[in-house]
Every structure is written in C-alpha cells, then in structure tokens.
2 protein chains.
Amino acid sequence: MKADAVRGHLDGLLLAVLEQGPLHGYAIITAVQRRSGGALDLRTGTIYPALNRLERQGLLSSDWESIGERRRRCYQLTDAGRAALAGKRADWRAFTSAIGAVLDPATPGNATPGNAT
Amino acid sequence: MKADAVRGHLDGLLLAVLEQGPLHGYAIITAVQRRSGGALDLRTGTIYPALNRLERQGLLSSDWESIGERRRRCYQLTDAGRAALAGKRADWRAFTSAIGAVLDPATPGNATPGNAT
DNA sequence: GCCAATATATTGCCTGCCAATATGTAGCAC
DNA sequence: GTGCTACATATTGGCAGGCAATATATTGGC
C-alpha cells in the first residue's frame with residue numbers, strides 16, 4: 001500500500017481500533033497492522049501527534065500506565081469519540097460510494113443519483 | 001464531501017470516465033459529478049494538469065476538436081490507459097478493503113489476513 | 001556488551017489537490 | 001450593444017496532513 005494512503009481517514013482508524021478497549025500508541029500501530037492484514041503500516045510520526053490532537057478535541061482520554069520502569073500512555077474513547085466514530089463510518093461509506101460509483105459503476109452498493117445525506 | 005477527498009484516486013476517476021468514450025476536460029468534470037451523485041466536484045486546476053500528465057505518461061491521447069470558433073481537447077484511453085485503469089481498480093479494492101477492515105471489521109468483504117496481492 | 005523490540009515524542013519535508021486567476025467563445029435577456 | 005451566464009482551457013501559489021528522520025529510554029536475549 002502506497003505510503004500516505006490513509007490520508008483523510010486516519011482519525012477514523014484510530015477511533016475504530018480503540019472501540020474495543022483502551023490501547024497505547026505502539027499497540028495501536030500493531031493493531032492497525034494486524035486488522036488490515038498487513039496493508040497499513042502507520043508511523044510514530046503519524047499517530048502520536050494524531051492521538052494528541054484527538055485528545056485535545058475531547059474524542060479520547062488518556063492515562064499513564066507503569067510496567068516497572070516503563071511507561072505507556074493508554075488512550076480510550078470518550079462518549080464524544082464514540083459519536084465521532086459513527087460519523088467517520090458514515091463519511092467512509094459516503095466516500096467509498098462516491099468514488100466507487102465513478103470508478104466501478106457496475107458494482108452494486110455504489111452511489112447513484114438520489115441518495116443524498 | 002470534503003475538498004480534497006479524491007487525493008490519491010484522481011487518476012483512476014479520470015481513466016474510468018473515459019472508458020466509455022472520449023471526452024473533453026469540461027465534460028469530464030460534469031461526468032464525474034453526475035456519476036458520483038453530485039458528491040465529487042473536481043476543479044479545473046485539478047483536472048487539466050492531471051490530464052496533461054496522464055497523456056505524457058501515455059495513458060491518454062488527445063486531439064483538438066473545433067465547434068465553430070470554439071475548440072476543445074478530446075481525450076481518450078490508450079491501451080496502456082486501459083491496463084492502468086484495471087490496476088487502479090485493483091488498487092481501489094485493496095485500499096477500501098484495508099481501511100474497511102480496520103474501520104468496519106464486521107462488514108463482509110473487508111480484508112482479513114491472507115488476501116495478499 | 002550489543003542489538004532488537006518496546007515505547008514515546010518532535011522537526012521538517014514533500015505530495016498532490018485546490019483556490020484564485022486569466023483568457024476567450026457563444027448565446028440570451030434587456 | 002451591454003451584461004450575464006455557460007462553455008472551455010490553462011497556470012500559479014498555497015497548504016493540509018501524513019511521512020521520514022531523528023532522539024531518547026527501558027527491557028531482554030545472545
């Protein structure tokens with residue numbers, strides 16, 4: 001998968017992997033990797049600033065966890081985050097439907113004039 | 001739809017609308033608009049450079065058409081363009097499958113470990 | 001002792017689409 | 001005959017946003 005393929009969909013990915021329970025940044029990277037079958041490989045320079053931003057936006061909350069001398073920051077969804085995730089999923093469907101309708105018009109499930117939001 | 005949503009998928013869109021026959025730039029814009037149900041609204045600053053680039057890459061060929069004093073440049077797919085379109089469609093499926101698997105794991109048709117290209 | 005994996009954080013860059021702008025024809029309303 | 005809109009193409013500059021590179025620290029295997 002080309003390098004910055006997730007552009008525009010990163011927030012949704014992060015919120016989605018956190019839906020099933022709290023995770024720290026490093027674990028989020030591997031979770032995304034695993035769930036995408038290895039296709040998506042996020043970098044630290046991508047997710048740490050993003051997690052920070054999502055927390056500032058109130059979609060995530062975090063607390064530090066200590067394993068011996070090691071510290072990790074665990075993020076979890078807030079209620080607002082859960083709501084935002086639903087929105088991101090709707091956006092994703094609209095997006096794939098729109099592009100799909102142009103790229104692959106024969107495929108059922110793609111947008112046809114008349115399904116406005 | 002947010003402004004630069006098509007980022008990374010523009011070439012596929014252009015090739016796809018040209019699959020059914022030659023079109024000039026302005027008509028491509030309206031074709032994409034119509035086929036996406038109004039969701040996608042490409043700008044001239046987006047498509048004219050892109051069409052030019054695709055022609056330089058050998059995926060399109062063009063010739064000028066004259067309607068009275070009016071001139072328009074009609075693009076059509078080359079064989080290479082047709083092949084590239086097939087590739088773009090495969091890329092699109094891999095992309096939606098990968099993101100979908102993370103964002104919406106319950107949905108059937110999304111990637112699961114084991115469907116490498 | 002050295003290296004890889006685990007873990008977080010920051011800086012600067014680059015890609016690639018968009019907004020703005022320019023230019024010209026054609027047709028219609030008034 | 002002036003002004004407006006639709007049709008048609010082209011170019012410039014800007015910027016959002018993810019990535020590469022880099023830095024730092026702990027832990028465990030060999």
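Chain letters run A, B, ... following the sequence lines, proteins first, then strands; residues in each count from 1.
Minimum interatomic distance between A:R35 and B:V102 (heavy atoms only, all atoms of both residues): NH2-O, 2.5 Å.
Nucleic acid contact for A:G45: base, since at least one base atom lies under 4.0 Å from a heavy atom of the residue.
Set against C:dC17, C:dA26, C:dT8, the side chain of B:E69 has C:dA26 as its closest nucleotide. Considering only the side chain of A:R43, D:dC19 comes nearest among D:dT27, D:dT9, D:dC19. The side chain of B:T44 sits closest to C:dA20 out of D:dC7, C:dA20, C:dT8. Counting only heavy atoms from C-beta on, A:H24 has its side chain closest to C:dA7 among C:dA7, D:dA8, D:dT27.
Here C:dT6 presents its C1' atom at 13 Å from CD of A:E65, a figure rounded to the nearest Å. Put simply, CG on B:L42 is 10 Å from C1' on C:dC17, counting in whole angstrom units. In this structure, OH of B:Y48 is placed 19 Å from P of C:dT21, rounded to the nearest angstrom. Rounded to whole Å, atom P of C:dT8 lies 13 Å from atom CG of A:L14. Taking atom CG of B:L54 as the reference point, atom P of C:dC17 lies 10 Å away to the nearest angstrom. For the pair B:I28 CD1 and D:dT9 C1', the computed distance is 12 Å after rounding to whole Å. D:dC19 atom P lies 10 Å from atom CD1 of A:I29, rounded to whole Å. The distance between atom CD of B:E55 and atom P of D:dA10, rounded to the nearest whole Å, is 10 Å.
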Inset, instruction - Quick one: do B:L51 and B:I28 satisfy side chain to side chain contact (heavy atoms under 4.5 Å, CB included)? Show the steps, please. - result: CA-CA 10 Å; B:L51 290 170; B:I28 289 174; 3.8 Å; yes
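Salt-bridge annotation for A:R7 and B:D4: absent, with no side-chain N of the basic residue lying under 4.0 Å from a carboxylate O of the acidic one. Salt-bridge annotation for A:D41 and A:R43: present, with a side-chain N of the basic residue lying under 4.0 Å from a carboxylate O of the acidic one.
The side chain of A:R53 places no N or O atom within less than 4.0 Å of a non-bridging phosphate oxygen (OP1 or OP2) of D:dG17.
Residue A:E65 forms a side chain to side chain donor-acceptor pair (under 3.5 Å) with just one option from A:R72, A:H24, A:R71, and that option is A:R72.
The base of C:dT25 does not come close enough to the side chain of B:R71 for any donor and acceptor atom to sit less than 3.5 Å apart. Judged by distance alone with a 3.5 Å cut-off, a donor-acceptor contact links the side chain of A:R70 to the base of C:dT6. A:R7 contributes no side-chain N or O that forms a donor-acceptor pair with the base of D:dG18 under 3.5 Å.
Of the two residues near DNA chain D, A:I47 and A:I67, the one whose nearest nucleotide lies more 5' is A:I47. Mapping A:A50 and B:Y75 onto DNA chain D by nearest heavy atom places B:Y75 at the nucleotide closer to the 5' end.
Across the strands present, D:dG29 finds its partner in C:dC2; the criterion is a Watson-Crick or G-U wobble pair with both atom distances under 3.5 angstrom.
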